[in-house]
Amino acid sequence: MSAQSTEYGSGVQEPTGWTGWIGFAAIMLMLGGGLNAFYGLVAVLRDDLVVWNGDAALVFDLTTWGWGLMIVGALVFICGLGLLTGNMVARVFGVIFAAISMFVNFFFIPVYPFWAITIIAIDALVIWAIAVHGREMKPV
């Protein structure tokens with residue numbers, strides 16, 4: 001028996017209170033993915049509503065960017081749902097998506113310092129929760 005969990009008679013580990021962190025990680029992924037998918041939908045349907053700084057260089061138009069954001073947002077949302085079920089693939093992709101988000105937000109620190117640092121901190125918590133306690137969400 002480990003200090004973090006107890007065992008049933010069949011050798012299956014009982015989930016501990018730390019599974020709340022996995023719930024947090026899943027909800028953060030679902031919120032972030034859902035909001036990005038919605039923002040992408042707005043960019044696809046009404047790109048005149050998307051505020052963009054005219055000084056920035058765009059490689060493609062806002063409609064194409066919106067489709068990409070919508071697809072990635074949907075994948076991140078599905079990853080959050082999978083994380084609630086203890087799916088190993090969702091755990092792997094959850095860490096990958098959070099790491100990419102950390103990397104991207106690092107470059108936004110000069111533009112939006114408070115927001116970027118907040119997102120980086122949340123992404124770090126998501127990665128920690130998935131890496132350390134992700135296996136506890138497996139169905140019993």
Side-chain angles (χ1 to χ4, degrees):
M1 244 187 326
S2 69
Q4 292 186 347
S5 62
T6 59
E7 292 186 22
Y8 299 116
S10 65
V12 177
Q13 291 187 349
E14 178 183 340
T16 66
W18 289 102
T19 57
W21 280 104
I22 297 299
F24 167 80
I27 289 170
M28 291 283 84
L29 287 171
M30 290 182 340
L31 279 173
L35 289 172
N36 280 330
F38 181 73
Y39 193 53
L41 181 65
V42 170
V44 167
L45 298 178
R46 297 277 311 269
D47 61 355
D48 57 321
L49 292 178
V50 178
V51 177
W52 190 263
N53 184 355
D55 296 335
L58 285 176
V59 178
F60 40 80
D61 66 349
L62 288 178
T63 304
T64 305
W65 174 78
W67 276 108
L69 196 56
M70 219 174 12
I71 292 168
V72 171
L75 289 174
V76 172
F77 183 86
I78 292 168
C79 180
L81 287 176
L83 197 58
L84 288 175
T85 66
N87 185 302
M88 181 63 170
V89 174
R91 288 170 49 199
V92 169
F93 278 102
V95 169
I96 291 170
F97 287 139
I100 290 170
S101 175
M102 285 179 79
F103 181 75
V104 168
N105 277 287
F106 176 77
F107 293 105
F108 279 96
I109 290 175
V111 182
Y112 298 112
F114 179 75
W115 180 252
I117 291 171
T118 301
I119 297 300
I120 289 170
I122 290 172
D123 288 335
L125 286 173
V126 166
I127 292 170
W128 172 80
I130 294 171
V132 175
H133 300 291
R135 119 176 19 145
E136 294 183 35
M137 289 300 281
K138 287 186 179 178
V140 177

Trainee: Do M28 and L125 touch side chain to side chain, with heavy atoms closer than 4.5 Å?
Mentor: no
Trainee: For a quick test of reading the model, state the closest non-hydrogen atom pair linking G66 to A43 and the distance between them.
Mentor: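 Between these two residues, the closest heavy atoms are CA-CB, 3.7 Å.
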Trainee: Hey, does the side chain of S101 reach the backbone of F97 with a donor-acceptor pair shorter than 3.5 angstrom?
Mentor: no
Trainee: For W128, does the CH2 atom sit with more than 12 other heavy atoms under 6.0 Å from it, leaving out its own atoms?
Mentor: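 Enclosed: over 12 neighbouring heavy atoms sit under 6.0 Å from CH2 of W128.
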Trainee: Closest heavy-atom contact between A98 and V126?
Mentor: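 That closest heavy-atom pairing would be CB-CG1, 4.0 Å.
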Trainee: Looking only at non-hydrogen atoms, find the nearest pair between A90 and G82 and report the distance.
Mentor: CB-C, 3.5 Å
Trainee: Minimum heavy-atom separation for V104 and F108, please, with both atom names.
Mentor: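 So the two residues come closest at O-CD1, 3.3 Å.
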Trainee: Can you see which heavy atom on I130 is nearest to which on R91, and at what distance?
Mentor: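 Scanning both residues, the minimum pair turns out to be CG2-O, 3.5 Å.
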Trainee: Closest approach of C79 and L29, non-hydrogen atoms and distance?
Mentor: SG-CD1, 4.2 Å
Trainee: Rounded to the nearest 0.5 Å, how far does CD1 of I117 lie from CD1 of I109?
Mentor: 5.0 Å
Trainee: Taking the six-membered ring for Trp, are F24 and W21 parallel (under 30°), tilted (30 to 60°) or perpendicular (over 60°)?
Mentor: perpendicular
Trainee: Identify whether F107 and I120 are in the same connected component of the hydrophobic contact network (ILVMFWY, side-chain heavy atoms under 4.5 Å).
Mentor: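 Linked, F107 and I120 end up in one cluster.
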Trainee: Between N36 and V72, is there a side-chain heavy-atom distance shorter than 4.5 Å?
Mentor: no
